[in-house]
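Sequential numbering from 1 along the given sequence is applied to the chain's residues. Computed from a predicted model, the values in this text were never measured in an experiment.
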Amino acid sequence: MGAAKDMAYEAKDRAAGMAGHASRQGQGTTEATKHKAGEATDKASQTAQAAKDKAASTAQAAKDRTVESKDQTGSFLGEKTEMAKQKAAETAEAARQKAAETAEAARQKAAGAAQYTQDRTYDAAQYAKESAVAGKDKTGSVLQQACETVVNAVVGAKDAVANTLDMGGDNNTNATKDTTTEKITRDH
C-alpha cells in the first residue's frame with residue numbers, strides 16, 4: 001500500500017504543479033487582457049473625442065449655412081409669397097367670371113325652357129279648344145241626324161197607322177207630316 005500512497009502523493013504534487021502553472025498562465029492572460037482592454041479604452045476615448053470634435057465642427061458649419069440660407073430664403077419666400085398672392089387673386093377673379101358666365105347661361109337656358117313650356121301649353125290648349133269645338137259640332141250633327149231619324153220614324157208610324165185605318169189621303173198626310181216635322185224640329 002505504500003506504493004499506492006506514494007503514487008497518490010505524486011499525482012497530488014503534479015496536479016498542484018499544473019494548477020500553479022495554469023494559475024500563472026491565467027494571471028498572465030488576465031494581465032494581457034487588462035492591458036489590451038486599457039489600450040482599446042484609450043483608442044475608443046480618442047475616437048470618441050475626434051467624433052465629438054468633428055460633430056461640433058459640422059454643427060457649427062451647418063449653423064453658419066442655416067443662417068446664410070435663412071437670409072437668402074427670406075427674400076426668396078417673400079417673392080414666392082407675393083407671387084402666390086397674385087396667382088390666388090387671378091384664380092379668384094377667373095372663378096368669379098366663370099360663375100357669372102355659368103349663371104347667365106343657366107338663366108338663358110331656364111328662360112328658353114320656360115318659353116318652350118309656355119308655347120307647348122298654348123298649343124295644347126288650342127288643340128283642346130279646337131277638339132272641343134269639333135266634338136260639339138260632331139255632337140250637334142249626330143243629334144240632328146238622330147232627330148231627323150226619329151221624326152221620319154214618327155211620320156212613318158203615323159202614315160202606317162193612317163193607312164191601316166184608311167184615314168189618310170195624300171193631302172192630309174202631307175199637311176200632318178209638315179206640322180209634325182216642324183214641331184219636332186223647333187223643339188230641338
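For the side-chain hydrogen bond (donor to acceptor under 3.5 Å, both in side chains) test, residues two or more places apart in sequence or in another chain that qualify with E39 are H35.
Considering OG1 of T41 and NZ of K36, their distance stands at 13.5 Å, rounded to 0.5 Å. Taking NZ of K54 as the reference point, atom OG1 of T47 lies at 12.5 Å (rounded to 0.5 Å). We find the NZ-NZ distance between K80 and K85 to be 15.0 Å, quoted to the nearest 0.5 Å. A distance of 8.0 Å separates CZ in R14 from CE in M7, rounded to the nearest 0.5 Å. How far CD of Q118 is from OG1 of T121: 7.5 Å, rounded to the nearest 0.5 Å. Atom OG of S131 is separated from atom NZ of K138 by 11.5 Å, given to the nearest 0.5 angstrom.
Between the side chain of S57 and the main chain of D53, no donor-acceptor pair closer than 3.5 Å is present. Between the side chain of T164 and the backbone N or O of A160, at least one donor-acceptor pair lies under 3.5 Å.
Remark: the E148 side chain and the Q144 side chain contain an N/O donor-acceptor pair separated by less than 3.5 Å. Side-chain polar atoms of Q60 and D64 form a donor-acceptor pair below 3.5 angstrom. In this model, a donor atom of one side chain and an acceptor atom of the other lie less than 3.5 Å apart for Q108 and E104.
For the pair R120 and D123, the minimum side-chain heavy-atom distance is below 4.5 Å. Two residues are said to be in side-chain contact when any heavy atoms from C-beta on lie closer than 4.5 Å; Q86 and E82 meet this criterion.
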